[in-house]
Colleague: 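Structure in structure tokens, see below.
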Amino acid sequence: MSDNLQNNIIIQTLQAVNELYGAVLPESQVFLQETRKEFDGQITVVVFPFTRYSKKTPEQTGQEIGEYLQQRLPQISSFNTVKGFLNISLNDAYWANLLYTQIIHKAYGTFPTNSQTVMVEYSSPNTNKPLHLGHIRNNLLGYSVAEILKAAGYTVIKANLVNDRGIHICKSMLAWQKFGNGETPESTGLKGDHLVGNYYVIFDQVYKEEIKALVAAGQTEEEAKKNAPLIKEAQLMLQRWEAGDHAVISLWKTMNSWVYAGFAETYRNLGVDFDQYYYESDTYLLGKDIIEEGLAKGVFFRKPDGSVWIDLTADGLDEKLVLRGDGTSVYITQDLGTAQHKYDQYHMDQSIYVVGNEQDYHFKVLFLILEKLGKSWAKGLYHLSYGMVDLPSGKMKSREGTVVDADDLMAEMTETAKARTEELGKTADFPEEDKGRLYHMIGLGALKYFLLKVEPKKRLLFDPKESIDFQGHTGPFIQYTHARIQSVLTKASYKETSALKQPSSLGITEKDLLQALSNYPSIVKAAAQTYSPALIANYVFELAKLYNKFYHEESILKAEEEVTKQFRLTLSAATAAIIAKGMKLLGIEVPDRM
RNA sequence: GCGCCCAUAGCUCAGCUGGAUAGAGCAACGGUUUUCUAAACCGUCGGUCACAGGUUCGAAUCCUGUUGGGCGUACCA
């Protein structure tokens, strides 16, 4: 339903309550909802709140308000009252008109610019290992939220803060140096990020053996972890890196370049991109001036050993270290500095961090500190926290090799899509080059939809033994619906310029479909407000389901009348367009044939 | 210990600011194709919304407590 009519119903209902029962109520007292399927009508006014003023039964009250509304709103064709629910039916002309004047437009569901800028930081990988399923969830969420915000009228900057330095990076470097025998992506044929990741695993294996040996020699586990030669060597390498040692820097650059080439391929396959890269090797020293600022403002305090802290106990949190005793940064020091840096650069109204829920506490502290420092922009910061992706066996751990690799998974999904499609004989007449594209589209559609249909904050269970579905509540189901519509439109040689006339009557499913289409803009708005791709995902599924029902019930090409046929074609085209738009917000492409 | 998050059908999930008899998909069972793509459609089966109180005309939804699970609580990131 259009916002316009919705507002009218609310206003008229309030007037009715005023004129009939002498009560002046705020708009918040009028509750509109979609009429449930088992009753006649499309829109329902909940009349319970008015009965205390009407001093009549809910049925009588509904009846009186219904009559009042019908007299004043020509779009209302009829109404009925069940218990305290006033169910309103809107006439066919209203729905057809809505389709022709609004839904069909290209910009439908895309809001004009609100002149606000928002940064969405996502992905933020470590450069010591390849991406896994957890990262896929992060990337898809970030990309999708960015697209949704664009549709809602924001100017969006997609940012990627690459974690390219630190002890974990040195671990891969050291292991390669010691055990790599000069291996390169070229010499091994391995993707760069996988090659480097292998050495991260090797480091951990050797390190563990050393620990075991030291423990056998009488050291405690804790001592052994500190004293193992390999970890000491890695720490030394980090110091040399920080000192700008040529050999270390050169190795670091080489290995990182391998990883970046690998990531670029993964990102391309996944269909995500970025407007702004930040590298931790550039930003890790930021934040020290903020420490000074905080000390000067009395927000921070220094302990006798020189370390700097903030006391957040009054806010129900702890005392938090913000600078080490030796003057070096901790994680939050960098994040404070980077936040300021980003703001200085873009002056954005909002900044969203797509990061797993294991860091909930960190971001709570980070935002609170910036607020206490008096940063006006701190209120625009938001941690889009999402649940971990777990396997039936528990957490994924890179070092132990219990991860679902991103590249492998995408390849498997594409392969499954291919097998499934060929089994159904759908692509027998496809040109060879189109097949590959289609299989990739469907495979990734299944994967992306699977991950995005779940509310971000909920944790996700992925069972590699149970392959992701292609039927039912899935991406391919929605893609199929789109292809089906395109097929009909092609057969009818449908042109958008077809004369738009009022059909003699509309079926219930047609009206349901129109109502669903009419909800799209408010879904986009809600998804933007709550940063929830899941809202879009579930909406598009409902829409596709409704369309399939309609497709089954009514013949389009063989409609009784030409006007009806044109109307149904227009309705179909509009549905296809919304499906495509909605899926695009999820980063999922839809095919014209499948 | 303290803090945050989660709990809805056998499984995976929806359920908007409280509103009608809690909905989908999968799985199981049955039906639909000489007609626009059967990756579809229709039907059957399946729920004490973790538990106990409270607020309300009305609670899966809000509040409190309990239980179960996850995460965090580092001079790691």
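Reckoned from all heavy atoms, side chains included, excluding hydrogens, waters and symmetry mates. Being a predicted model, the structure only gives us computed values, none of them experimental. Within every chain, numbering begins at 1; the chains are lettered A, B, ... in the order of the sequence lines, protein sequences first and strands thereafter.
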Colleague: Rounded to the nearest 0.5 Å, how far does CD1 of A:Ile290 lie from CG of A:Leu323?
Modeller: 12.0 Å
Colleague: Start at the 5' end of RNA chain B and walk down; is the nucleotide closest to A:Ser329 or to A:Phe470 reached first?
Modeller: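 This one resolves to A:Phe470.
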Colleague: Does A:Arg36 make a side-chain N or O approach to OP1 or OP2 of B:G23 shorter than 4.0 Å?
Modeller: yes
Colleague: Applying a 4.0 Å non-hydrogen cut-off, can you work out what A:Gln334 is touching in the nucleic acid: base, sugar-phosphate, or nothing?
Modeller: nothing
Colleague: Taking only the C1' atom of each, what is the distance from B:C6 to B:G43 in whole angstrom?
Modeller: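 Nearest-Å result for B:C6 against B:G43 at atom C1': 35 Å.
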Colleague: Taking the same atom, P, in B:A77 and in B:A40, what whole-Å distance lies between them?
Modeller: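 It comes out at 49 Å once rounded to the nearest Å.
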Colleague: Under 4.0 Å, heavy atoms only, any strand: does A:Phe450 hit a base, just the sugar-phosphate, or nothing?
Modeller: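 If one applies the 4.0 Å heavy-atom cut-off, A:Phe450 turns out to touch nothing in the nucleic acid.
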Colleague: With distance as the sole criterion, do the side chain of A:Thr481 and the base of B:A40 form a donor-acceptor contact below 3.5 Å?
Modeller: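 Not at all, since no donor on one side and acceptor on the other fall under 3.5 Å apart.
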Colleague: Please figure out whether A:Arg484 or A:Ile167 has its closest RNA chain B nucleotide nearer the 5' end.
Modeller: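 Closest to the 5' end, via its nearest nucleotide, is A:Arg484.
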Colleague: Where the side chain of A:Thr333 meets the backbone of A:Val322, is there a donor-acceptor pair that is under 3.5 Å apart?
Modeller: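 It does hold such a pair.
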Colleague: Contact class for A:Glu280 vs. all strands (heavy atom < 4.0 Å): base, sugar-phosphate, or nothing?
Modeller: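 Result for A:Glu280 = sugar-phosphate.
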Colleague: Output the single nucleotide from B:A39, B:G19, B:C75 whose closest atom is nearest the side chain of A:Arg420.
Modeller: B:A39
Colleague: Rounded off to whole Å, could you give me the CD1-to-P distance for the A:Ile43 and B:A20 pair?
Modeller: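 Whole-Å distance recorded here is 15 Å.
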Colleague: Classify A:Lys426 by what it touches in the nucleic acid, base, sugar-phosphate, or nothing, heavy-atom distance under 4.0 Å.
Modeller: base
Colleague: Would you classify A:Met594 as touching base, sugar-phosphate or nothing, given that sugar-phosphate means primed atoms plus P, OP1 and OP2, and contacts are heavy atoms under 4.0 Å?
Modeller: base
Colleague: The side chain of A:Asn163 lies closest to which of these nucleotides: B:A77, B:A20, B:A40?
Modeller: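 Closest of the options to the side chain of A:Asn163: B:A77.
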Colleague: What distance, rounded to whole Å, do you find between the two C1' atoms, one in B:G3 and one in B:C16?
Modeller: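 Looking at atom C1' only, B:G3 and B:C16 are 29 Å apart.
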Colleague: Please say which of A:Leu384, A:Leu381, A:Leu161 ends up in a side-chain contact (heavy atoms from CB on, under 4.5 Å) with A:Tyr353.
Modeller: A:Leu381
Colleague: Have a look at A:Pro58 and say if it touches a base, only the backbone sugar-phosphate, or nothing, with a 4.0 Å heavy-atom cut-off.
Modeller: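 If one applies the 4.0 Å heavy-atom cut-off, A:Pro58 turns out to touch nothing in the nucleic acid.
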Colleague: Between the base of B:A39 and the side chain of A:Asp469, is there any donor-acceptor pair under 3.5 Å?
Modeller: no
Colleague: Using the rule side chain to side chain donor-acceptor pair (under 3.5 Å), only one of A:Thr35, A:Asp40, A:Asn87 pairs with A:Asn80; which is it?
Modeller: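 The single option meeting the side chain to side chain donor-acceptor pair (under 3.5 Å) with A:Asn80 is A:Asn87.
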Colleague: Could you tell me how far apart A:Phe477 (CZ) and B:U37 (P) are, to the nearest whole angstrom?
Modeller: 16 Å
Colleague: Checking all strands, does A:Tyr361 fall into the base, sugar-phosphate, or nothing category for heavy-atom contacts under 4.0 angstrom?
Modeller: sugar-phosphate
Colleague: Mind calculating the distance between CD (A:Glu554) and C1' (B:C42) to the nearest angstrom?
Modeller: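 From A:Glu554 CD to B:C42 C1': 15 Å.
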Colleague: From the set B:A14, B:A20, B:C36, return the single nucleotide nearest to any side-chain atom of A:Tyr551.
Modeller: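 Of the candidates, B:C36 comes closest.
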Colleague: Classify A:Asp463 by what it touches in the nucleic acid, base, sugar-phosphate, or nothing, heavy-atom distance under 4.0 Å.
Modeller: nothing
Colleague: Is a donor on one side and an acceptor on the other found under 3.5 Å between the side chain of A:Gln479 and the backbone of A:Met441?
Modeller: yes
Colleague: Rounding to a whole Å, what distance do you find between A:Gln515:CD and B:C16:P?
Modeller: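 About 17 Å, once rounded to whole Å.
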Colleague: Given A:Trp252 and A:Tyr279, is the ring pair (Phe, Tyr, Trp, His ring centres under 6.0 Å) satisfied, shown in steps?
Modeller: CA-CA 13 Å; A:Trp252 173 72; A:Tyr279 296 91; 8.9 Å; no
Colleague: Looking only at side-chain atoms of A:Leu461, point me to the closest of B:A38, B:U12, B:A7.
Modeller: B:U12
Colleague: What is the distance, to the nearest angstrom, from the CD atom on A:Glu542 to the P atom on B:A40?
Modeller: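 It is 15 Å, rounded to the nearest whole Å.
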Colleague: A:Pro476 side chain: which of B:C41, B:A39, B:C75 is closest?
Modeller: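 Shortest atom-to-atom distance from the side chain points to B:A39.
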Colleague: Of the options B:A20, B:A24, B:U37, whose atoms approach the side-chain atoms of A:Phe541 most closely?
Modeller: B:A24
Colleague: Regarding A:Thr421, tell me which of base, sugar-phosphate or nothing describes its non-hydrogen contacts under 4.0 Å with the strands shown.
Modeller: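 Result for A:Thr421 = base.
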Colleague: From the options B:C75, B:A20, B:C41, select the nucleotide whose nearest atom is closest to the side chain of A:Asp305.
Modeller: B:C75
Colleague: Roughly, in whole Å, what's the span from OH in A:Tyr449 to C1' in B:U12?
Modeller: 12 Å
Colleague: Determine the interatomic distance between C1' on B:G65 and the same-named atom on B:C26; round to the nearest Å.
Modeller: 37 Å
Colleague: Heavy atoms only, 4.0 Å cut-off, all strands: where does A:Ile442 land among base, sugar-phosphate and nothing?
Modeller: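 Base, at least one base atom sits under 4.0 Å.
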Colleague: Is A:Glu319 touching bases, backbone alone, or none of the nucleic acid, heavy atoms closer than 4.0 Å?
Modeller: nothing
Colleague: Could you check whether any side-chain N or O of A:Thr564 sits under 3.5 Å from a backbone N or O of A:Glu560, counting only pairs where one atom can act as donor and the other as acceptor?
Modeller: no
Colleague: Taking only the side-chain heavy atoms of A:Lys457 (C-beta and beyond), determine which of B:A77, B:C5, B:C75 contains the nearest atom.
Modeller: B:C5
Colleague: Answer yes or no for A:Lys303 and A:Trp309: cation-pi contact, defined as NZ/CZ to six-membered ring centre under 6.0 Å and angle to ring axis within 45°.
Modeller: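 Yes, a cation-pi geometry holds between A:Lys303 and A:Trp309.
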Colleague: Which nucleotide, if any, forms a Watson-Crick or G-U wobble pair with B:C49, using both distances under 3.5 Å?
Modeller: none
Colleague: Would you classify A:Gly166 as touching base, sugar-phosphate or nothing, given that sugar-phosphate means primed atoms plus P, OP1 and OP2, and contacts are heavy atoms under 4.0 Å?
Modeller: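 If one applies the 4.0 Å heavy-atom cut-off, A:Gly166 turns out to touch nothing in the nucleic acid.
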Colleague: Checking side chain to side chain donor-acceptor pair (under 3.5 Å) against A:Glu280, which of A:Thr127, A:Asn163, A:Thr338 comes through?
Modeller: A:Asn163
Colleague: May I ask you to verify if any side-chain N or O of A:Lys83 is less than 4.0 angstrom from the OP1 or OP2 atom of B:C57?
Modeller: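 For B:C57, neither OP1 nor OP2 has a side-chain N or O of A:Lys83 closer than 4.0 Å.
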Colleague: In whole Å, what separates the C1' atom of B:A52 from that of B:U17?
Modeller: 27 Å
Colleague: Check the distance between B:U12's P and A:Leu451's CG and give it to me in whole angstrom.
Modeller: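 Interatomic distance, CG of A:Leu451 to P of B:U12: 15 Å.
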Colleague: Would you mind telling me which of B:C36, B:U32, B:C6 lies closest to the side-chain atoms of A:His552?
Modeller: B:U32
Colleague: What nucleotide among B:A14, B:G25, B:C76 has an atom nearest to a side-chain atom of A:Arg324?
Modeller: B:C76
Colleague: Report which part of the nucleic acid A:His473 touches: base, sugar-phosphate, or nothing (heavy-atom distance under 4.0 Å, all strands).
Modeller: sugar-phosphate
Colleague: Measure CD/A:Glu455 against P/B:U8 and give the value in whole Å, please.
Modeller: 15 Å
Colleague: Which base, if any, makes a Watson-Crick or G-U wobble pair with B:G30, both distances under 3.5 Å?
Modeller: B:C42
Colleague: How far, in whole Å, is B:U12 from B:U56 if one measures between their P atoms?
Modeller: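 That atom pair is separated by 37 Å.
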Colleague: How far, in whole Å, is B:G72 from B:A27 if one measures between their P atoms?
Modeller: 36 Å
Colleague: Measure the acute angle between the ring planes of A:His341 and A:Tyr278, then classify it against the limits of 30° and 60° as parallel, tilted or perpendicular.
Modeller: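 Because their plane-to-plane angle is over 60°, the rings of A:His341 and A:Tyr278 count as perpendicular.
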Colleague: For A:Phe85 and B:G19, do the ring centres fall under 5.5 Å apart while the planes stay under 30° apart?
Modeller: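 According to the criterion (under 5.5 Å, under 30°), no, A:Phe85 does not stack.
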Colleague: If the P atom of B:U64 is compared with that of B:U55, how far apart are they to the nearest Å?
Modeller: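 Rounded to whole Å, the distance is 15 Å.
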Colleague: Within the 4.0 Å heavy-atom criterion, would you say A:Ala483 contacts the bases, only the backbone, or no part of the nucleic acid?
Modeller: base
